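Every chain is numbered from 1, with letters handed out A, B, ... down the list of sequences. Side chains included, hydrogens not; waters and symmetry mates left out as well; all remaining heavy atoms used. Computed from a predicted model, the values in this text were never measured in an experiment.
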Number of protein chains: 2
Amino acid sequence: MQFDDKVPIYYQIKNHIYHEMMTGQLVAGAKLPAVRQLAVDLTVNVNTVQRALGEMIQEGTIESQRGKGNFVTTDTTRIAQLKEQLVVEQLERVYQQLHALNLSDDEIIASLKQYIEQRGQQHD
Amino acid sequence: MQFDDKVPIYYQIKNHIYHEMMTGQLVAGAKLPAVRQLAVDLTVNVNTVQRALGEMIQEGTIESQRGKGNFVTTDTTRIAQLKEQLVVEQLERVYQQLHALNLSDDEIIASLKQYIEQRGQQHD
DNA sequence: TATAGTGTAATAGTAAAATAGAACACTAGG
DNA sequence: CCTAGTGTTCTATTTTACTATTACACTATA
């Protein structure tokens, strides 16, 4: 996996797992790969994986069972809340950043539309 | 100034100065505060300021004159290009992140609109 | 009960970012 | 020429993220 060196790896691992939860690669109650396997897959150290998982356990996203493995929470409401929270965090950040570049509300929306339209002509 | 501990301070200082350039607090050709003064203003070490400025000098955003000070480039085209680049970088990031959370193109635009509308009812 | 697979924890070492402090180089003005 | 204000550079130290390695704790099962 390739990482952005501007943000901590353990933080990017969290986002990676969120991604798999939101896209259905990891459904509610599903067992995650073993921490040592994740470390190999992501080409990082076990402790770095553990740090990411530790925070997710703290926030109730995944549940740990010693000797068995780590599992996505079965609380689907919790997962839905998490997704909403992650989306809003992204929106807040981009809004703040573009606002700081002196773009108006309308310009922010327009620039995103334009970006996605142009992107659609080149990708997918 | 308050910093996000998830990203290097020198990097946030660059964004801070970009912000002032884009909002007209620092016009083309304007003299920046002395590095030691900036360090005080931002409650940060001189070397950290210098690292941020060094990168901006490299990319042609500001020009350094030993003994005189640091100045915003007079090349307004360069500044306009920079703004466009910074905007696109933000759009790319938020698009990638929201796409990773399984939002469609339309959902991404809709969620941003909704966020800005709701925000407008509470702020400014 | 032995063993393999799992999570957890602790120690030690490396690298990058940031800090603190000092020194050096240049400019302008008295 | 001297001095104050500026950018520039250097060394040393601290902190944080990450890595490497090992050990421990628990579970399932042959």
Side-chain angles (χ1 to χ4, degrees), chain A residues 1-18 20-21 26-75, chain B residues 1-18 20-21 25-74:
Chain A
M1 179 171 171
Q2 72 180 14
F3 295 102
D4 175 359
D5 62 1
K6 287 287 187 308
V7 33
I9 292 177
Y10 76 90
Y11 200 76
Q12 299 181 59
I13 292 176
K14 285 177 67 175
N15 281 321
H16 175 73
I17 298 176
Y18 287 145
E20 299 198 319
M21 288 175 59
L26 280 177
V27 299
K31 180 173 184 292
L32 276 68
V35 289
R36 289 171 183 80
Q37 186 58 48
L38 272 175
V40 172
D41 294 346
L42 303 173
T43 61
V44 297
N45 190 271
V46 177
N47 295 316
T48 309
V49 172
Q50 193 65 22
R51 173 158 186 183
L53 297 187
E55 291 195 1
M56 298 181 78
I57 291 167
Q58 283 299 317
E59 68 191 21
T61 303
I62 64 179
E63 291 163 7
S64 169
Q65 295 186 35
R66 201 186 188 97
K68 291 185 176 176
N70 291 306
F71 301 82
V72 177
T73 178
T74 54
D75 183 348
Chain B
M1 180 171 171
Q2 71 179 16
F3 296 100
D4 175 359
D5 64 359
K6 288 287 186 308
V7 33
I9 292 177
Y10 77 91
Y11 200 76
Q12 299 181 58
I13 292 176
K14 286 177 68 175
N15 280 322
H16 175 74
I17 298 176
Y18 287 146
E20 298 197 320
M21 290 173 59
Q25 295 168 61
L26 280 178
V27 299
K31 180 175 184 292
L32 274 70
V35 288
R36 290 172 183 77
Q37 186 59 46
L38 272 177
V40 171
D41 294 349
L42 303 173
T43 59
V44 132
N45 190 271
V46 177
N47 295 314
T48 309
V49 172
Q50 192 67 19
R51 172 154 188 188
L53 296 187
E55 291 195 0
M56 298 182 77
I57 291 167
Q58 284 300 316
E59 68 191 21
T61 305
I62 64 178
E63 291 163 7
S64 168
Q65 295 186 35
R66 201 187 187 99
K68 292 185 177 176
N70 292 306
F71 302 83
V72 176
T73 179
T74 54

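Protein atom CZ of A:Phe3 is 19 Å distant from nucleotide atom P of C:dA15, rounded to whole Å. Taking atom CZ on B:Arg66 and atom C1' on C:dT27, their separation rounds to 11 Å, with Å as the unit. As rounded to whole Å, 10 Å separates atom C1' of D:dT19 from atom CD1 of A:Ile9. Atom CG of A:Asp4 and atom C1' of D:dA17 are 14 Å apart (whole Å). Between the NZ atom of A:Lys68 and the P atom of D:dC26 there is a distance of 14 Å, given to the nearest Å. Between the NZ atom of B:Lys6 and the C1' atom of C:dA18 there is a distance of 17 Å, rounded to whole Å. Rounded to an integer number of Å, the gap from CZ of B:Arg51 to C1' of C:dA16 is 8 Å. Counting to the nearest Å, the C1' atom of C:dA17 and the CG atom of B:Leu42 are 16 Å from each other.
Considering only side-chain N and O atoms, B:Thr48 lies nowhere under 4.0 angstrom from the phosphate OP1 or OP2 of C:dA17.
Rounded to the nearest 0.5 angstrom, B:Gln50 CD and B:Ile13 CD1 are separated by 11.0 Å. Atom-to-atom distance recorded for B:Glu63:CD and B:Thr73:OG1 is 4.5 Å, nearest 0.5 angstrom.
Between B:Val44 and B:Val49 there is a side-chain heavy-atom pair separated by less than 4.5 Å.
The residue among B:Asn70 and A:Gln65 whose nearest nucleotide of DNA chain D is located toward the 5' end is B:Asn70. Residues B:Tyr10 and A:Ile57 each lie close to DNA chain C; by heavy-atom proximity, the contact nearer the 5' end of the strand is made by A:Ile57.
A:Gln12 places a side-chain N or O within 3.5 Å of a backbone atom of A:Val7 that can act as its donor or acceptor partner.
Checking D:dC18, D:dT6, D:dT9 against the side-chain heavy atoms of B:Lys31 singles out D:dT6 as nearest. Considering only side-chain atoms of B:Asn45, the nucleotide from D:dT19, C:dA20, D:dG7 that sits closest is C:dA20.
B:Ile17 pairs in a side-chain contact (heavy atoms from CB on, under 4.5 Å) with only one of the listed residues (B:Thr61, B:Leu42, B:Leu53), which is B:Leu53.
Note on A:Asn47: a base of the nucleic acid sits closer than 4.0 angstrom, heavy atoms only. Using a 4.0 Å heavy-atom cutoff across all strands shown, A:Arg36 reaches at least one base atom of the nucleic acid.
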